[in-house]
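What follows is a single structure, written as structure tokens, with notes after it.
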2 protein chains.
Amino acid sequence: MMPSSLTAENTAGRPRRLVIAGMEGCTNCAICEVRAHGVCSALRDDELERLARAAVRMTVPPGHIFIEEGSRATDFFNVTGGTVKLFKSLPDGRRQITGFVSVGHFLGLAVSDRYAFGAEAIDQVKLCRFSRPKLEGMIEEFPRMERRLLAEAANELVTAQDQMLLLGRKTARERVASFLYGQLENHYGDAIPPNAQISFPMTRADIADFLGLTVETVSRTLSGLRKDGLVTLNAGHGITVISPVRLEAIARGGES
Amino acid sequence: MMPSSLTAENTAGRPRRLVIAGMEGCTNCAICEVRAHGVCSALRDDELERLARAAVRMTVPPGHIFIEEGSRATDFFNVTGGTVKLFKSLPDGRRQITGFVSVGHFLGLAVSDRYAFGAEAIDQVKLCRFSRPKLEGMIEEFPRMERRLLAEAANELVTAQDQMLLLGRKTARERVASFLYGQLENHYGDAIPPNAQISFPMTRADIADFLGLTVETVSRTLSGLRKDGLVTLNAGHGITVISPVRLEAIARGGES
DNA sequence: CGAAAGATTGAGGTGGCTCAAACGGCGTGG
DNA sequence: CCACGCCGTTTGAGCCACCTCAATCTTTCG
């Protein structure tokens with residue numbers, strides 16, 4: 001009756017409560033490992049000084065939800081390590097992952113006073129946390145930061161539109177190819193060599209929830225790509241893309 | 001072979017070329033009918049003065065594409081009348097409508113120097129057009145405008161995430177109910193009365209492309225809702241929603 | 001009024017889902 | 001070190017929601 005779903009398993013074995021582990025207090029943003037990424041890259045050293053006083057560093061273990069869907073939006077986050085999945089759910093447990101985000105990404109741009117999505121750590125995730133009023137004050141003071149946030153929001157909007165095209169109109173094969181190609185771009189940028197290797201932390205279930213498919217379909221589709229000589233599936237979550245060019249053609253919808 | 005599509009008809013009978021009709025030159029933004037909406041509402045009168053000098057008003061007839069997917073992003077637009085559909089396409093003609101926008105909405109936040117989407121007038125559309133450099137200059141000068149743009153982008157992001165959930169995980173019935181309920185909210189705000197009337201300019205094909213379905217499925221699903229006593233289908237593009245509450249329940253995924 | 005576009009309805013096909021079983025890696029404990 | 005259980009992955013068989021193709025009906029508009 002439901003075309004897709006994760007009713008049983010995905011609802012049942014879902015991670016525990018909102019737990020925030022390992023809060024290390026504020027450190028120096030100027031020497032932060034993600035200094036060059038995300039919002040931070042928009043600021044000068046003296047501005048970073050201010051930022052540092054507002055930031056709380058924290059670590060979140062795999063599987064833990066640190067933003068609960070619909071909860072009060074009290075904080076903003078900046079991902080400084082690991083990978084996070086953002087998601088929305090339906091009452092019966094069906095789940096859509098709206099994006100995977102990693103280092104440099106900014107989280108928490110909420111419209112209302114509540115988060116419209118949830119966020120769960122896939123692997124060990126490091127975050128900078130800012131209280132809403134504090135960050136809003138900073139935005140007020142540093143127009144450059146606002147510029148940066150606008151640019152990032154515009155970027156996400158473009159990504160979201162691509163994903164809507166994928167979810168609304170692409171076949172399973174095209175979706176999986178799109179996902180793999182996206183991963184390639186993340187690792188290699190524009191210059192993707194033949195036999196490019198990727199390894200990602202998300203499970204088949206995550207990929208399914210991201211692509212609007214079931215685990216079985218993702219698995220079968222990957223096997224199909226393997227049979228067609230497009231990829232090899234390595235141990236763990238590793239994949240070798242033999243022909244990125246052909247993969248992209250499939251992702252774009254230009255080939256069967 | 002393709003699960004969804006608008007290959008034949010939708011590709012063939014597609015609107016003509018990029019045509020911009022009725023350019024009326026710059027007018028006074030202070031007395032503009034959408035003064036209270038969109039980006040304009042963020043500005044003071046003296047700032048609007050500046051805006052007016054940068055704006056070119058234009059009218060676009062139904063069916064005409066005024067932003068071509070992938071073309072150079074030379075302008076920004078502010079919708080001052082009518083309804084616009086935003087879309088992305090695949091090479092074989094499959095099309096996904098990413099949103100319908102109307103008065104007050106801002107268009108053209110492109111990341112690169114090219115538009116990532118196309119825009120087509122559904123009915124008679126009125127626009128304010130700004131050249132990219134001019135608007136960027138204004139943003140530089142008026143932080144309030146930037147604030148406003150960021151807020152609007154954040155809003156669109158939330159909408160986009162909702163749409164991803166819809167496209168990835170909702171049934172046809174839930175999708176159509178979601179669409180109708182969204183239309184209700186547009187017209188009535190939060191207080192939607194029983195037997196609420198709506199009439200919208202988009203065709204069944206547009207709705208299908210928006211919901212990731214086919215025309216036939218949209219039509220059949222609407223008929224199903226009618227049979228179930230949830231709506232009545234009026235002449236033209238009018239629909240009466242007998243029970244908005246039950247419709248919302250379906251849209252949310254909480255009822256069959 | 002007539003042509004063209006849009007909407008509805010029917011009949012049949014299929015891509016991806018559901019249910020089910022087997023397989024593999026990995027940590028735990030005996 | 002191996003047995004065991006858990007979890008994620010793969011594969012198979014069958015089904016169904018939605019798609020495709022096609023005909024008819026309705027609305028719009030010149």
Side-chain angles (χ1 to χ4, degrees), chain A residues 1-10 12-15 62-63 92-94 122-123 166-176 200-209 211-227 231-239 256, chain B residues 1-15 61-63 92-94 122-123 167-176 199-209 211-227 231-239 256:
Chain A
M1 170 239 166
M2 326 252 85
S4 56
S5 85
L6 315 167
T7 38
E9 316 105 324
N10 283 34
R14 184 108 359 123
D92 62 5
R94 281 174 286 169
I122 293 182
D123 45 20
L166 180 148
L167 293 170
R169 292 309 186 195
K170 287 187 181 176
T171 65
R173 190 176 169 89
E174 288 164 356
R175 295 182 198 204
V176 172
F200 34 81
M202 51 291 256
T203 65
R204 299 285 189 265
D206 288 336
I207 299 174
D209 280 351
L211 299 178
L213 302 169
T214 57
V215 189
E216 295 94 325
T217 298
V218 169
S219 185
R220 267 187 262 273
T221 305
L222 282 170
S223 297
L225 293 174
R226 175 167 45 70
K227 278 200 196 84
V231 304
T232 62
L233 308 179
N234 311 330
H237 288 178
I239 290 184
S256 72
Chain B
M1 170 241 165
M2 326 251 86
S4 57
S5 85
L6 314 167
T7 39
E9 318 106 322
N10 282 35
T11 312
R14 184 101 10 116
D92 62 5
R94 278 173 288 168
I122 292 182
D123 46 18
L167 293 169
R169 291 307 185 197
K170 287 187 183 177
T171 65
R173 189 176 170 89
E174 289 163 356
R175 294 182 199 204
V176 172
S199 79
F200 36 79
M202 51 291 256
T203 66
R204 298 286 189 266
D206 288 336
I207 300 173
D209 280 353
L211 299 179
L213 301 169
T214 58
V215 188
E216 296 93 327
T217 298
V218 170
S219 187
R220 267 188 263 270
T221 305
L222 282 170
S223 298
L225 292 175
R226 176 167 45 69
K227 278 198 198 87
V231 303
T232 62
L233 308 178
N234 312 330
H237 288 177
I239 289 183
S256 70

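By convention in this document, chain letters (A, B, ...) are assigned in the order of the sequence lines, proteins followed by strands, and residues within each chain are numbered from 1.
Residues T217(B) and V215(B) form no side-chain contact, since every pair of their non-hydrogen atoms from C-beta on lies 4.5 Å or further apart. By the 4.5 Å heavy-atom criterion applied to side chains, I207(B) and F200(B) are counted as neighbours.
Here the P atom of nucleotide dA5(C) and the CG atom of D206(B) are 15 Å apart, to the nearest Å.
Here the closest non-hydrogen pair linking L213(B) and R169(A) is O-NH2, 2.8 Å. Heavy-atom minimum distance, L222(B) versus V231(B): O-CG2, 4.3 Å. Shortest non-hydrogen contact noted between H237(B) and T203(B) is CE1-CA, 3.8 Å. Contact between A208(A) and T214(A) at its shortest, heavy atoms only, is CB-C, 3.5 Å.
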Filtered N/O pairs between nucleotides 25-27 of chain D and protein, under 3.5 Å:
none

Protein-nucleotides 7-12 of chain D N/O pairs closer than 3.5 Å?
{"unit_1": "dT9(D)", "atom_1": "OP1", "unit_2": "R204(A)", "atom_2": "N", "d": "3.1"}
{"unit_1": "dT9(D)", "atom_1": "OP1", "unit_2": "H237(A)", "atom_2": "NE2", "d": "3.1"}
{"unit_1": "dT9(D)", "atom_1": "OP2", "unit_2": "R204(A)", "atom_2": "N", "d": "2.9"}
{"unit_1": "dT10(D)", "atom_1": "OP1", "unit_2": "R204(A)", "atom_2": "NH2", "d": "3.2"}
{"unit_1": "dT10(D)", "atom_1": "OP2", "unit_2": "R204(A)", "atom_2": "NE", "d": "2.8"}
{"unit_1": "dT10(D)", "atom_1": "OP2", "unit_2": "S219(A)", "atom_2": "OG", "d": "2.8"}
{"unit_1": "dT10(D)", "atom_1": "O5'", "unit_2": "S219(A)", "atom_2": "OG", "d": "3.1"}
{"unit_1": "dT11(D)", "atom_1": "OP2", "unit_2": "S223(A)", "atom_2": "OG", "d": "2.5"}
{"unit_1": "dG12(D)", "atom_1": "N7", "unit_2": "R220(A)", "atom_2": "NH1", "d": "2.7"}
{"unit_1": "dG12(D)", "atom_1": "O6", "unit_2": "R220(A)", "atom_2": "NH2", "d": "3.2"}

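A donor-acceptor pair under 3.5 Å links the side-chain atoms of R175(A) to the main chain of K170(A), judged by distance alone. Side chain of N234(B) to main chain of G236(B): no donor-acceptor pair is present (N/O by atom type, distance under 3.5 Å, no hydrogens or angles).
Comparing the start and finish of the helix from dC1(C)-dG30(D) to dG30(C)-dC1(D), five pairs each, the helix axis swings through 40°, to the nearest 10 degrees.
With rounding to the nearest 0.5 angstrom, the CG atom of L211(B) is 12.0 Å from the CD atom of E174(B).
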